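In what follows, a single structure is set out as C-alpha cells and then discussed.
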Amino acid sequence: MDDGDRTDDGDRAKDPVGTWHRLVGAAVLLDGFHALKHAVRFRAEVLAAVTADRQAALALAEELAPDVRDTLDGLLVEVPEATYRSLVPRPHPTAVAALAVRPSREAGLRALTTMPRTAPVVVLDQPRNLGNVGAVIRLAAGFGATGVVTTGTLDPWHPTVVRGGAGLHFATAVERLTVAELPSGPVFALDPEGEDIRGSKLPDDAVLAFGSERSGLSAELRARADHLVSLPMRPQVSSYNLATSVAMTLFHWSAAGGAPVRA
C-alpha cells in the first residue's frame, strides 16, 4: 500500500466511511472483533476500524483481551449499524470490522526462507476451500509454525480466509508460491501410501505438504517430496478434513520438542 493511502487518527474519526472506501481496495479486511484483536497483538498496521456498538466492543475487549483494550479504544469509531453492514460483505456478530496493511511479500519470503528454521513451513497444495485455509493458518499460528504457503489459484489473503484465520495471518508468514519456489528443507508430504507418521521424526526445518481436499497431492509436489508419510486412520474411513490433518501433523512435530515460544 502506498504511503499516500495511509490515514491519521483525525481522518479516521471525522470521516470513517470515506476513509474506509478510500482504503478498502488495497487493504486486508479484518472481519470481527477477534480478527482485529489478533491483528493488533501481532503488530499489524490498522488503518481504520469501525463498530456498530463501541461500548459493547470495548466491553468485549475488557473481558477477553485487556492487553489490547486501550489500543482498540483509540482505533474504533462508531458508525450506525446500517452503515457498518454496508461496509462488509457479511456482517459479523460482534459488529466490528477493520482494515489493515498486508505485510509485504518481501517480508513474507524473508521469514519463509531464512535458515536455520526453528519450526516447519506448512504447504497447502492447490487448496480449494477458503474456510479450510483460514483454519490451517490459525493452527499454524497457534503451533508457532514458520508460515503457510499455498500453491495454485486460491488467494490465502482472501477476506473469507482471513475471517477463518481470525486475523492470525499477522502471526505467521502467509504467501502463495509455485512448487518450484517452495522454501528449502526436507519435504514431508502427507499421502495415504506413505509410511506411518508415528515412525518419523519431523525436523524443525521440515516443509510439511498437504494435498487438496479433493485431488490430493499434485504430481509436481509429489515429485518434490523427500518423504511420504501418512496419518493413522481406521479402515474404511476415507480421509480427514484438511485442517484436521495439519493439526495432527503439527502436534506430532511439537510432541517431539517443537512448538517454540514466539514473542
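Fair warning: this is a prediction, and the values are worked out from it, not measured in the lab.
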Looking only at heavy atoms, what is the nearest atom pair of [X] and [Y], with distance?
X: His92; Y: Tyr84; value: N-OH, 2.8 Å
X: Val207; Y: Gly185; value: CG2-O, 4.1 Å
X: Pro159; Y: Leu29; value: CB-CD2, 4.2 Å
X: Ala44; Y: Ala100; value: CB-CB, 4.4 Å
X: Pro203; Y: Pro120; value: O-CG, 4.2 Å
X: Ala225; Y: Ala189; value: CB-CB, 3.8 Å

Report yes or no: does [X] contribute a side-chain atom to a donor-acceptor pair with the main-chain N or O of [Y] at less than 3.5 Å?
X: His38; Y: Leu168; result: no
X: Thr160; Y: Leu130; result: no
X: Thr51; Y: Asp53; result: yes
X: Thr146; Y: Leu112; result: no
X: His252; Y: Met248; result: no
X: Arg176; Y: Thr153; result: yes
X: Thr151; Y: Leu177; result: no
X: Arg224; Y: Val179; result: yes
X: Asp226; Y: Val187; result: yes
X: Ser230; Y: Glu193; result: no

Do other residues, nucleotides or ligands put more than 12 heavy atoms under 6.0 Å from Glu181 CD?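 Enclosed: over 12 neighbouring heavy atoms sit under 6.0 Å from CD of Glu181.
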What do you reckon, is CZ of Arg163 surrounded by more than 12 foreign heavy atoms closer than 6.0 Å?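 Yes, the 6.0 Å shell around CZ holds more than 12 heavy atoms from other groups.
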Is there a path of hydrophobic side-chain contacts, each under 4.5 Å between heavy atoms of I, L, V, M, F, W or Y residues, that connects [X] with [Y]?
X: Leu182; Y: Leu190; result: no
X: Ile137; Y: Val40; result: yes
X: Val28; Y: Leu154; result: yes
X: Leu60; Y: Leu75; result: yes
X: Ile197; Y: Trp253; result: yes

State, with a plain yes or no, whether a side-chain heavy atom of Glu220 is found less than 4.5 Å away from one of Asp125.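 No, every pair of side-chain atoms sits at 4.5 Å or beyond.
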Between [atom1] of [X] and [atom2] of [Y], what distance do you get to the nearest 0.5 Å?
X: Leu87; Y: Trp20; atom1: CG; atom2: CH2; value: 6.0 Å
X: Leu36; Y: Thr94; atom1: CG; atom2: OG1; value: 9.0 Å
X: Lys37; Y: Phe42; atom1: NZ; atom2: CZ; value: 10.0 Å
X: His158; Y: Thr150; atom1: NE2; atom2: OG1; value: 12.5 Å

Which donor-acceptor pairs under 3.5 Å do side chains of residues 67-74 form with protein atoms, sequence neighbours excluded?
unit_1 : atom_1 : unit_2 : atom_2 : d
Asp67  : OD1    : Arg41  : NH2    : 3.0
Asp67  : OD2    : Arg41  : NE     : 2.8
Arg69  : NE     : Glu62  : OE1    : 3.4
Arg69  : NH1    : Asp73  : OD2    : 3.4
Asp73  : OD1    : Arg54  : NH1    : 3.3
Asp73  : OD1    : Arg54  : NH2    : 2.6

For Val136, which of Val174, Val161, Val246, Asn129 qualifies under side-chain contact (heavy atoms from CB on, under 4.5 Å)?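 Testing Val136 for a side-chain contact (heavy atoms from CB on, under 4.5 Å) against Val174, Val161, Val246, Asn129 leaves exactly one candidate, Val246.
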Any Lys/Arg nitrogen of Arg85 or Glu81 sitting under 4.0 Å from an Asp/Glu carboxylate oxygen of the other?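 Glu81 and Arg85: salt-bridged.
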Sequence neighbours left out, cut at 3.5 Å: what donor-acceptor pairs do the side chains of residues 231-245 make with other protein atoms?
unit_1 : atom_1 : unit_2 : atom_2 : d
Tyr240 : OH     : Pro232 : O      : 2.5
Asn241 : OD1    : Ala243 : N      : 2.8
Asn241 : OD1    : Thr244 : N      : 3.4
Asn241 : ND2    : Asn132 : OD1    : 3.2
Ser245 : OG     : Asn241 : O      : 3.3

Provide the full list of ring pair (Phe, Tyr, Trp, His ring centres under 6.0 Å) pairs with a residue in residues 171-218, sequence neighbours left out, each pair given once.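 Residue pairs with at least one partner in residues 171-218: Phe188-His227.
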